[in-house]
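What follows is one structure encoded as structure tokens, with my remarks underneath.
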Protein chains: 2
Amino acid sequence: MQKYDHIPRATIQRLATYMQVLETMKKDNIKITSSEPLATACDVNASQVRKDLAYFGEFGVRGVGYYVDYLLDAIKDCLHANREWRTALIGVGNLGRALLNHQEFNRRGIRIVGAFDCDPFKIGEVAYGLEIFCSKRLQEKVPELGIELGIITTPPERAQRAADQLIEAGVKGILNFSSARIVTPNHVYIEYVDFFHQIYSLTFNISTKN
Amino acid sequence: MQKYDHIPRATIQRLATYMQVLETMKKDNIKITSSEPLATACDVNASQVRKDLAYFGEFGVRGVGYYVDYLLDAIKDCLHANREWRTALIGVGNLGRALLNHQEFNRRGIRIVGAFDCDPFKIGEVAYGLEIFCSKRLQEKVPELGIELGIITTPPERAQRAADQLIEAGVKGILNFSSARIVTPNHVYIEYVDFFHQIYSLTFNISTKN
DNA sequence: ATCTGTGAAGCGTTTCACAGCA
DNA sequence: TGCTGTGAAACGCTTCACAGAT
């Protein structure tokens, strides 16, 4: 797929942003765009957009720009966002339930097909159409349901154990919503969602820049 | 506070991570640490930790390391995380409700003191102890309640309008959970929380690195 | 004429290596 | 001796400037 062996992490993040903006353009029936408006919408430099895309191929037409539909598909291919990813969620508390009910996952091909928790009071309950299983059953359920991704929404003190269970069961990537840092082997990717980081970025900037 | 005029954005993000790790150490009754274990826990280089801290001051003791309590306080000061930030939330849907009920906000001094929505069926309802007001009343409520931050949990198509209302009412920073890109004037800071970016980072890495 | 794709330059962050201090 | 704090080197990402394509 890509032409280069290493692609900056920041490029991957931006591709996801371009995807979002292109989807909005598509909805607004915009057929053609170019690096300049795309860049403006994403708060980056126009050559940054072109360079990011160049890591993966040549998706534009010189003198014209980019066909929105085509570029959107191309970016989805780059990120492997154009297929389904079967996913397990561990920790059916407030946040877990909110995510189970979050329609955007389905719309984007992230299919949450298993819900797990270690609280005996929750096990067996059905939440948004999914039976809640004991976390110990990940071992059997991950292969059975063809699960590749895990989402952790447990309290922080249970996050590492949840991760260990996911890893042992064979998932390839973990999205961690708990505030705990987690150790994974090299072949299992981990990403953190901690919006307090962004909040502190706000409080820092507000307080510092006059 | 800080000794340098410009501090890398990445440094701020990492400080938030150090804070998290130090809080865990504090809970585990660890009194002294050093750049090496801190770095390992955060998946960064030890000199990165020292350099990040050096932007703000000298918080360590040569030959000894860092006193956990002291360093934690110092970092909180750097990020202005050691005071209350009165906050408004706009968009009381699933995600909005999950956040209103999220105890971590209180624990960290982010006080959500106003809930707003433009759906007439929701206005007047009480969600987790907060009466839901019409978004139009931000103008009056933001000064009245001393609100400085705004959290947007509306659907994407209403995000810009929500932001405009927050900005006009005088908030200084916005945390946007909707997938829409938002335009703000220079004096209003905006941060995006879009975990699909992280998901795509996972799907990309899983698919690419064999 | 216009906008992409890209080598090279510029710039900012990360890492190194070591002086400084307990 | 051990660990911090820091100038300097290394590195990688971003931006520029322009050749190339329509």
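Quick note on labels: first sequence line is chain A, next is B, and so on, each numbered from 1.
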Q) Taking only N and O in the side chain of Tyr67(A), is any of them less than 4.0 Å away from OP1 or OP2 of dC3(C)? A)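 Answer is no, no contact under 4.0 Å.
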Q) For Ser35(B) and dT4(D), is the shortest distance between a side-chain N/O and OP1 or OP2 below 4.0 Å? A)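 Yes, Ser35(B) has a side-chain N/O under 4.0 Å of OP1/OP2 on dT4(D).
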Q. Does Tyr192(A) offer a backbone N or O that forms a donor-acceptor pair with the side chain of Gln198(B) under 3.5 Å?
A. yes
Q) Is Thr203(B) reaching over with its side chain to a backbone N or O of Leu79(A), donor-acceptor style, under 3.5 angstrom? A) yes
(Q) Below 30° counts as parallel, above 60° as perpendicular, anything between as tilted: where do the rings of Phe105(B) and His102(B) land? (A) perpendicular
Separation of [X] atom [atom1] from [N] atom [atom2], in whole Å?
{"X": "Tyr66(A)", "N": "dT22(D)", "atom1": "OH", "atom2": "C1'", "answer": "14 Å"}
{"X": "Phe59(B)", "N": "dG5(D)", "atom1": "CZ", "atom2": "P", "answer": "9 Å"}
{"X": "Leu53(A)", "N": "dT14(D)", "atom1": "CG", "atom2": "P", "answer": "13 Å"}
{"X": "Glu58(B)", "N": "dG7(D)", "atom1": "CD", "atom2": "P", "answer": "11 Å"}
{"X": "Ile12(A)", "N": "dC13(D)", "atom1": "CD1", "atom2": "P", "answer": "11 Å"}
{"X": "Tyr70(A)", "N": "dT4(C)", "atom1": "OH", "atom2": "P", "answer": "15 Å"}

Q.
Can you tell whether the side chains of Arg108(B) and Glu104(B) come within less than 4.0 Å, N to carboxylate O?
A.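 Answer for the salt bridge query: yes.
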Q. Regarding Lys141(A) and the six-membered ring of Phe116(A), is the cationic atom NZ or CZ under 6.0 Å from the ring centre and inside 45° of its axis?
A.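 No; the conditions do not both hold, so Lys141(A) does not lie above the ring face of Phe116(A).
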Q. Is the charged tip of Lys172(B) near the ring of Tyr189(B): under 6.0 Å from the six-membered ring centre and within 45° of its axis?
A.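 No, cation not above the ring by the 6.0 Å, 45° rule.
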Q: Go along nucleotides 13-22 of chain C 5' to 3' and tag each nucleotide: B for a protein heavy atom under 4.0 Å from its base, S when only backbone or sugar atoms are that close, - otherwise.
A: SSBBB--BBS
